[in-house]
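Scroll down for the structure; my scribbles are underneath it.
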Amino acid sequence: MTDVEIVEVGPRDGLQNEPRLIPTPHKTALVDALAVAGFRRIEAASFVSPRRVPQMEDGAAVLAAIRRPERTGFVALVPNLRGYEAAHAARVDEIAVFTAASEGFAKANLNCTIAESLDRLAPVVRAAHGDGLPVRGYVSVVTDCPFDGPTAPSAVGRVAAALRDMGCDEISLGETLGRGTPERVEAMLRAVLEELSPDRLAGHFHDTGGRALDNVEVALQHGLRIFDASIAGLGGCPFAPGAAGNVATEALHDRLVALGYHTGLDPVALARAATFARSLREP
Ligand SMILES: CC(C)(COP(=O)([O-])OP(=O)([O-])OC[C@H]1O[C@@H](n2cnc3c(N)ncnc32)[C@H](O)[C@@H]1OP(=O)([O-])[O-])[C@@H](O)C(=O)NCCC(=O)NCCSC(=O)C[C@@](C)(O)CC(=O)[O-]
């Protein structure tokens with residue numbers, strides 16, 4: 001059976017969009033419940049401006065309190081060297097840096113151009129590698145941008161190649177708005193695969209239009225074997241108006257198993273974590 005890795009991003013990409021501030025112990029409990037399910041990687045926090053994303057302000061406290069089973073690596077999202085230093089001090093196992101394939105989204109999310117974001121990220125990648133940490137690089141808005149409209153596949157290929165050239169070990173292709181169709185995802189993947197081999201890529205599909213699982217299948221057909229997902233479909237992006245959460249981890253797991261792939265995850269523990277995740281959204 002072929003292995004497919006699901007990278008759990010709910011504690012970061014999912015919770016960052018929750019309007020009500022979730023107490024730190026509840027975030028920690030969610031990460032612990034997810035770790036029981038057997039993930040190899042959980043994106044547990046981000047170290048960004050607390051003014052821009054107040055929900056993520058307690059990232060260091062979350063990382064200090066979680067259990068750390070040996071099989072699970074904990075990832076944090078960082079926008080700059082300051083974020084990297086905080087994440088490293090919080091003993092992350094991997095970092096994720098992020099940019100976009102459109103200027104409109106780079107401006108809204110990072111307050112800079114794509115080129116400026118790449119300049120800002122290069123020293124972060126060097127510092128992480130110097131400390132022995134792997135780096136994943138996100139490209140957002142790979143099919144559609146809420147500000148600039150449809151994204152040209154060639155633009156995604158260019159930014160993914162720039163992240164690779166900078167040293168990112170893996171590139172996660174963010175379908176941020178969740179409105180991409182399998183046809184448009186396929187066109188985007190063809191452009192990216194001219195630059196990178198599929199084993200360096202991850203698919204990151206939001207599910208606003210209900211096509212995320214179909215988009216995963218297209219990516220599987222093109223050789224991708226790593227997918228990001230968010231438990232209970234939590235989330236959205238505070239800087240992408242109208243975007244829903246990532247594809248739900250438990251739905252992705254079930255689809256992958258039905259297709260004959262092996263995820264290494266425990267479905268009972270996943271269901272428990274999903275129930276707990278849903279309870280965090282209740283007032
Ligand atoms: C990128 C910046 C930092 C640029 O920041 P800036 O807006 O250009 O301004 P700045 O550099 O002057 O910093 C603004 C404030 O943040 C502080 N600051 C600056 N850096 C840090 C830091 N690391 N940690 C803590 N604080 C920080 C800094 O000290 C200052 O504090 P103030 O003077 O306002 O009190 C800012 O715009 C920002 O944090 N943006 C938020 C980005 C974000 O978290 N977006 C959501 C995650 S991305 C996403 O969800 C998409 C993804 C990855 O999932 C894939 C997909 O689906 O597409």
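The structure displayed is predicted, hence computed values, not measured ones. Numbers here are sequence positions counted from 1. Atoms within a ligand are numbered from 1 in the order they appear, just like the ligands themselves.
- For atom 15 (C) of ligand 1, the closest non-hydrogen atom of the protein is S49 OG, 3.7 Å.
- Exactly one of R164, R200, R136, H129 qualifies for a side-chain hydrogen bond (donor to acceptor under 3.5 Å, both in side chains) with D169. That residue is H129.
- With a heavy-atom cut-off of 4.0 Å, Y138 touches ligand 1 through its side chain alone.
- Ring geometry for H206 versus H204: interplanar angle of 30 to 60°, hence tilted.
- Atom 7 (O) of ligand 1 has N111 ND2, 3.4 Å as its closest protein atom, hydrogens excluded (heavy atom only).
- Of the candidates L213, D3, L265, T263, T263 is the only one forming a side-chain contact (heavy atoms from CB on, under 4.5 Å) with L256.
- One finds no salt bridge joining E57 and R51 here, because no Lys/Arg side-chain nitrogen approaches an Asp/Glu carboxylate oxygen to under 4.0 Å.
- Listed by chain and residue number, E250, A251 satisfy the side chain to side chain contact (heavy atoms under 4.5 Å, CB included) test with A248 (two or more places apart in sequence, or in another chain).
- Taking a cutoff of 4.0 Å between a charged side-chain nitrogen and a carboxylate oxygen, D58 and K27 qualify as a salt bridge.
- Nearest protein heavy-atom neighbour of atom 37 (O) of ligand 1: R52 NH1, 2.6 Å.
- There is no protein heavy atom closer than 4.0 angstrom to atom 5 (O) of ligand 1.
- Taking any N or O of V139, backbone or side chain, none lies under 3.5 Å from an N or O belonging to ligand 1.
- Only side-chain heavy atoms of N80 come within less than 4.0 Å of ligand 1; its backbone N, CA, C and O stay farther off.
- Hydrophobic clustering (side-chain heavy atoms under 4.5 Å, transitive across Ile, Leu, Val, Met, Phe, Trp, Tyr) keeps I95 apart from V75.
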Side-chain donor-acceptor distances from residues 218-227 under 3.5 Å, at least two apart:
residue: H222; atom: NE2; partner: E186; partner atom: OE2; Å: 2.6
residue: R225; atom: NH1; partner: L220; partner atom: O; Å: 3.0

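- No path of Ile, Leu, Val, Met, Phe, Trp and Tyr side chains, each step under 4.5 Å between heavy atoms, connects F276 with L21, placing them in separate hydrophobic clusters.
- Looking only at heavy atoms of the protein, atom 35 (O) of ligand 1 is closest to R51 NH2, 3.1 Å.
- Not a single heavy atom of D228 sits closer than 4.0 Å to an atom of ligand 1.
- Remark: distances from the non-hydrogen atoms of S46 to ligand 1 are all 4.0 Å or more.
- Ligand 1 has an N or O atom lying under 3.5 Å from an N or O atom of H206, backbone or side chain.
- Checked against a 3.5 angstrom limit, the closest N/O atoms of P79 and ligand 1 fall outside it.
- Residue contacts with ligand 1 for R12 involve side-chain atoms from C-beta outward but no N, CA, C or O (heavy atoms, distance under 4.0 Å).
- Inclusion of G83 in the set of residues having an N or O under 3.5 Å from an N or O of ligand 1 is warranted.
- The protein heavy atom nearest to atom 24 (N) of ligand 1 is V48 O, 3.3 Å.
- If you number the atoms of ligand 1 from 1 as listed, the ones under 4.0 Å from a heavy atom of V53 come out as 43 (C), 44 (O).
- Ligand 1 lies out of reach of M56, whose nearest heavy atom is not under 4.0 Å from it.
- Using a 4.0 Å cut-off between charged nitrogen and carboxylate oxygen, R158 and E195 do not count as a salt-bridge pair.
- Checking R82, Q55, E43 against atom 29 (O) of ligand 1, the nearest heavy atom belongs to R82.
- Relative to atom 41 (C) of ligand 1, the option among L177, V141, N109 with the closest non-hydrogen atom is N109.
- Between E175 and ligand 1, no N or O atom pair is found at a separation short of 3.5 Å.
- In summary, E5 and R41 engage in a salt bridge, as defined by a charged side-chain N under 4.0 Å from a carboxylate O.
- Contact annotation: for V9 versus ligand 1, there are no heavy atoms closer than 4.0 Å.
- Under a 3.5 Å cut-off, the side chain of T72 and the backbone N or O of F39 do form a donor-acceptor pair.
- If you chain together hydrophobic residues whose side chains sit under 4.5 Å apart, V257 and F205 never meet in one group.
- For ligand 1, the atoms lying closer than 4.0 Å to a non-hydrogen atom of R120 are 1 (C), 4 (C).
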